[in-house]
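These numbers come from the heavy atoms of this one structure, side chains and all, not from hydrogens, waters or symmetry mates. The chain is numbered in sequence order, starting from 1.
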Amino acid sequence: MIKIMEYSAVPYDEIFARTMPEMDVEDIVADIIKNVRENGDKALLEYTEKFDKAKLSSLLVTREEIDEALAVTEPEFIAILERAAANIRKFHEKQVRNSFIINDENGIVMGQKVIPVDKAGLYVPGGTAAYPSTVLMDSIPAKIAGCKEVVMVTPPDKSGKVNSAILAAAYVAGVDKIFKVGGAQAIAALAYGTESIPKVDKIVGPGNAFVAEAKRQVFGKVSIDMIAGPSEILIVADATANPVHIAADLLSQAEHDRMASAVLVTDSRELAKKVSEQLEIQIPKLTRCEIARESIDKNGKIIVADNLSVAIDISNEIAPEHLELCVDNPFDYLDSIRHAGSIFMGKNCPEALGDYFAGPNHTLPTSGTAKFSSPLSVDDFIKKTQYTYYTKEALSRVAEDVAFFARKEGLTAHAKSATVRIKEDK
């Protein structure tokens, strides 16, 4: 049963404690990466047979396999994918940055170029659930940024096939290449390249502890989006919120995995009691009831605060991945929210809208990292470079200032490089 605690009566550490997965996989992952670097496709095929029980002759998903997946996918689902993709494009197109140039001073031109990374790598999990939503959320911003190639890796089933819904989403999103490989070995392949899989510049997408550790180890060789922890939801609710709805929303994250965190912060003891009762009614009815049960029992919390202002302070300290403001007039509180991955406003905006359809990205900072990081966006797939141009006359006006600054740092060659052109003329 979920824990109910009074904020003013419970120690700080208990209120803000996070249960983090403890898996020592560093050495295992390092060995996998080393093997893939040395043996390329051979290692990938061996790992796929070992871990996924699929014996493959080729890693590449063919056009015929994509067509087959589209043929067996419900037309209604493809239409929903297309509508969701349109919403995601509409939102992310607003994030596009422009290059700029400054030339308002005589003889000086400065500017910044915005350039997409050439190749983006997308990891899509397999295992206990398939996530076509991840395909849309992670590939569409890369396409909008202008990446030349978006490469997707995802583990196959025992028959060597990729989930048809994932392939349908990849088709709708315009993914360029898809490979049948998962786990740490897939991350290694994207980071270093193999005979089949191209080396990419950026790797994005969620995964298990092995995938997360692999991303950590290859960071620096390539860029990564983030190292994601367990999924989280925090709901700030007032006394008028519907306990049936609140319980359902908490369980929408609890069913993800046993380490997921579902937290309600409310100013109503009565609502806290009713939500706890609703959780016990709803959990047994879930398909993934055992996972949700463990998540709620181990990581779930209901925190009763003195008022909504205190509830907002608690939320900011936790900095949740998903934050629902289930209150009247939610926009009155928006400016007070400083730390959250994505905010769902009002009583008719379940977090599931963001997972699948609304448009804002669902790849979000977890484990409190919303205090300093952001949702996946078009910005993740661009880099910026700057340029400077001075005429000789413009340089002559500032050369001695530059040299003075350089000598203050003890760098006389710097100083000379600023003045030598001017002194030659004299």
Side-chain angles (χ1 to χ4, degrees), residues 21 23-62 65 117-128 130-131 134-135 138-139 142 147-163 166-167 170 175-229 363 376 380-381:
M23 287 187 67
D24 185 9
V25 300
E26 183 176 349
D27 291 342
I28 297 171
V29 169
D31 288 343
I32 290 172
I33 292 172
K34 181 175 183 291
N35 190 13
V36 172
R37 290 186 67 181
E38 292 176 353
N39 297 298
D41 283 357
K42 180 177 181 289
L44 297 179
L45 292 168
E46 289 173 353
Y47 284 129
T48 302
E49 184 171 1
K50 178 180 179 180
F51 297 131
D52 303 303
K53 312 304 180 188
K55 191 171 180 62
L56 304 177
S57 58
S58 172
L59 296 165
L60 180 68
V61 174
T62 65
E65 288 175 291
V117 300
D118 288 338
K119 293 183 181 180
L122 164 60
Y123 186 90
V124 179
T128 57
Y131 297 113
T134 295
V135 180
D138 290 3
S139 58
C147 295
K148 293 178 181 178
E149 191 170 50
V150 176
V151 179
M152 188 176 95
V153 291
T154 189
D157 62 19
K158 292 179 181 179
S159 67
K161 294 183 179 296
V162 172
N163 180 279
I166 287 177
L167 291 184
V175 173
D176 297 295
K177 291 180 181 176
I178 307 166
F179 294 94
K180 294 183 252 188
V181 61
Q185 60 272 23
I187 301 300
L190 291 173
Y192 293 98
T194 70
E195 299 90 331
S196 296
I197 299 177
K199 178 189 180 305
V200 302
D201 304 300
K202 178 103 182 195
I203 300 174
V204 304
N208 62 18
F210 293 91
V211 170
E213 175 61 21
K215 288 170 72 175
R216 187 189 69 78
Q217 290 192 26
V218 302
F219 175 65
K221 182 67 177 178
V222 293
S223 177
I224 63 171
D225 52 350
M226 62 188 76
I227 299 174
T363 301
L376 189 77
D380 282 283
F381 300 98

For this session: Start with the C-alpha gap between Y123 and D138, add the side-chain angles, then the distance that decides, and say whether side-chain hydrogen bond (donor to acceptor under 3.5 Å, both in side chains) holds.
Result: CA-CA 9 Å; Y123 186 90; D138 290 3; over 6 Å; no
Exercise. Run the side-chain contact (heavy atoms from CB on, under 4.5 Å) check on D380 and K202 step by step: do they pass?
Worked result: CA-CA 8 Å; D380 282 283; K202 178 103 182 195; 3.4 Å; yes
Exercise. Should D225 and T363 be marked as a side-chain hydrogen bond (donor to acceptor under 3.5 Å, both in side chains) after you check the CA-CA gap, both sets of side-chain angles, and the distance that decides it?
Worked result: CA-CA 9 Å; D225 52 350; T363 301; 5.5 Å; no
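Identified under the ring-ring contact (aromatic ring centres under 6.0 Å, His included) test for residues 204-225, with sequence neighbours left out: none.
Going from atom CG of L59 over to atom CD1 of I178 covers 13.0 Å, rounded to the nearest 0.5 Å. A distance of 10.5 Å separates CD1 in I32 from CG in L44, rounded to the nearest 0.5 Å. Note that the CD atom of E213 and the CD1 atom of I33 stand 7.5 Å from one another [nearest 0.5 Å].
Across all non-hydrogen atoms, the minimal contact from L122 to S139 is CD2-CB, 4.0 Å. Between L167 and E65, the shortest heavy-atom contact is CD1-O, 4.0 Å. Of all heavy-atom pairs between A130 and I166, the closest is CB-CD1, 4.0 Å. Considering every non-hydrogen atom in both A54 and P156, the closest pair reads CB-CG, 4.1 Å.
Of the possible donor and acceptor atoms, none in the side chain of K42 sits under 3.5 Å from a partner among the backbone N and O of V36. Although no hydrogens or angles enter the test, the distance criterion places a donor-acceptor pair under 3.5 Å between the side chain of Q217 and the main chain of E26. Judged by distance alone, with hydrogens and angles left aside, the side-chain atoms of D201 form no donor-acceptor pair with the main-chain N or O of V117 at under 3.5 Å. Proximity of a side-chain donor or acceptor of K180 to a complementary backbone N or O of G160 within less than 3.5 Å is detected. Not a single donor-acceptor pair under 3.5 Å links the side chain of K119 to the backbone N or O of V151. Judged by distance alone, the side chain of D52 and the main-chain N or O of K158 form no donor-acceptor pair under 3.5 Å. No donor-acceptor pair closer than 3.5 Å links the side chain of E38 to the backbone N or O of N35. Checking side-chain atoms of D176 against main-chain N and O of V150 turns up a donor-acceptor pair under 3.5 Å.
Looking only at side-chain heavy atoms (C-beta outward), E149 and D118 stay at 4.5 Å or farther from each other. Proximity of M152 to T154: side-chain heavy atoms (C-beta onward) are separated by under 4.5 Å at one or more points. Contact annotation: the side chain of T48 never approaches that of P155 to less than 4.5 Å [non-hydrogen atoms, C-beta and beyond]. Residues F179 and S58 fail the side-chain proximity criterion, which asks for heavy atoms closer than 4.5 Å.
Between E49 and K53, none of the side-chain N atoms (NZ, or NE/NH1/NH2) sits under 4.0 Å from a carboxylate O, so this pair counts as no salt bridge. Under the 4.0 Å criterion applied to side-chain N and carboxylate O atoms, K50 and E46 are not assigned as salt-bridge partners.
For K221, the salt bridge (Lys or Arg N to Asp or Glu O under 4.0 Å) test picks out no residue, with sequence neighbours left out.
Heavy atoms from other residues, nucleotides or ligands lying under 6.0 Å from NZ of K161 number 12 at most.
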Would you tabulate the side-chain donor-acceptor contacts of residues 183-197 under 3.5 Å, counting partners in other chains and residues two or more places apart, or write 'none'?
from	atom 1	to	atom 2	distance (Å)
Q185	NE2	G182	O	2.8
T194	OG1	D41	OD1	2.6
T194	OG1	S196	N	3.3
T194	OG1	I197	N	3.1
E195	OE1	D41	N	2.8
S196	OG	D41	OD2	2.4

